[in-house]
Amino acid sequence: MERHRQIQKQIARKKGKIEVPLTHKRRLDVLRKKKAIEIERSGSPERIVKALNRLKSKKTLSKELRVPQWDLDKAKEIGKKKKMRVVIKNISGTKKRVIEK
């Protein structure tokens, strides 16, 4: 949990917010000015689906999912099945996969 919080703060930078409340007792990891970012470190398909659902609730913002590098392709396939427009990056942000509808 501590490492997750460090990653949130690093991605949020100075003006971003972390742990932003959503409806139904859910929380979004990071919210910047025009970008919603969710971090999923476990690599579990069920957890990736839940993270994508949290991102889907923010309609007007661009969406970004951060996963470990070895889970990039798995997350891309799950995002395609959900028909979401989302950018999937590794945790450090050096590699990315883009999913268009």
Side-chain angles (χ1 to χ4, degrees):
M1 186 64 172
E2 186 177 317
R3 180 69 180 137
H4 186 82
R5 185 60 56 109
Q6 288 175 345
I7 294 169
Q8 284 178 334
K9 289 179 182 178
Q10 178 184 356
I11 291 172
R13 299 185 188 145
K14 287 185 178 179
K15 294 190 177 185
K17 297 176 184 174
I18 62 172
E19 295 291 330
V20 179
L22 298 174
T23 58
H24 306 292
K25 294 188 178 182
R26 299 178 303 162
R27 291 186 174 272
L28 187 65
D29 280 335
V30 178
L31 184 64
R32 284 201 212 147
K33 193 171 186 177
K34 295 189 178 194
K35 190 180 288 190
I37 303 170
E38 188 65 34
I39 304 162
E40 185 49 56
R41 297 176 62 215
S42 72
S44 164
E46 295 84 20
R47 302 288 297 238
I48 292 173
V49 168
K50 284 184 177 182
L52 287 171
N53 286 337
R54 286 191 295 269
L55 284 173
K56 202 171 194 176
S57 67
K58 290 295 196 181
K59 301 287 185 198
T60 60
L61 302 175
S62 61
K63 297 156 190 68
E64 186 176 298
L65 176 66
R66 298 276 184 117
V67 295
Q69 188 165 331
W70 51 81
D71 292 329
L72 280 174
D73 294 325
K74 184 192 314 183
K76 183 177 179 181
E77 292 303 315
I78 293 169
K80 276 185 181 179
K81 287 179 186 174
K82 291 192 67 64
K83 296 178 180 155
M84 285 185 65
R85 183 178 182 167
V86 64
V87 175
I88 300 171
K89 290 185 177 182
N90 64 341
I91 290 180
S92 63
T94 57
K95 304 222 182 323
K96 74 176 181 177
R97 308 282 188 270
V98 178
I99 302 173
E100 300 290 336
K101 282 188 177 179

Is it the case that more than 12 heavy atoms not belonging to Lys96 sit under 6.0 Å from its NZ atom?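 For Lys96, atom NZ is not crowded (no more than 12 foreign heavy atoms under 6.0 Å).
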Check: [Y] and [X] side chains under 4.5 Å, non-hydrogen atoms:
X     : Y     : result
Arg5  : Lys9  : yes
Ile11 : Arg32 : yes
Glu40 : Asp71 : no
Glu77 : Asp73 : no
His4  : Asp29 : yes

Enter the distance from [X]:[atom1] to [Y]:[atom2] here, rounded to the nearest 0.5 Å.
X     : Y     : atom1 : atom2 : value
Lys76 : Lys80 : NZ    : NZ    : 4.5 Å
Ile37 : Lys89 : CD1   : NZ    : 7.5 Å
Lys56 : Lys83 : NZ    : NZ    : 9.5 Å

Ignoring hydrogens and angles, tell me if any N or O in the side chain of [X] forms a donor-acceptor pair with the backbone of [Y] under 3.5 Å.
X     : Y     : value
Arg26 : Thr23 : yes
Lys74 : Gly43 : yes
Lys15 : Lys33 : no
Arg47 : Arg41 : no

To which residues is Leu61 joined in a hydrophobic cluster, defined by side-chain heavy-atom contacts under 4.5 Å among Ile, Leu, Val, Met, Phe, Trp and Tyr, whether direct or through other members?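 Its cluster mates, by chain and number, are Val20, Leu22, Leu28, Leu31, Ile48, Val49, Leu52, Leu55, Leu65, Val67, Leu72, Ile78, Met84, Val86, Ile88, Ile99.
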Check the pair Ile18 / Arg27 against side chain to side chain contact (heavy atoms under 4.5 Å, CB included), numbers first and verdict last. CA-CA 9 Å; Ile18 62 172; Arg27 291 186 174 272; over 6 Å; no
Which heavy atom in Arg66 sits nearest to a heavy atom in Glu64, and how many Å separate them?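 In terms of heavy atoms, the two residues are closest at NE-OE2, 2.7 Å.
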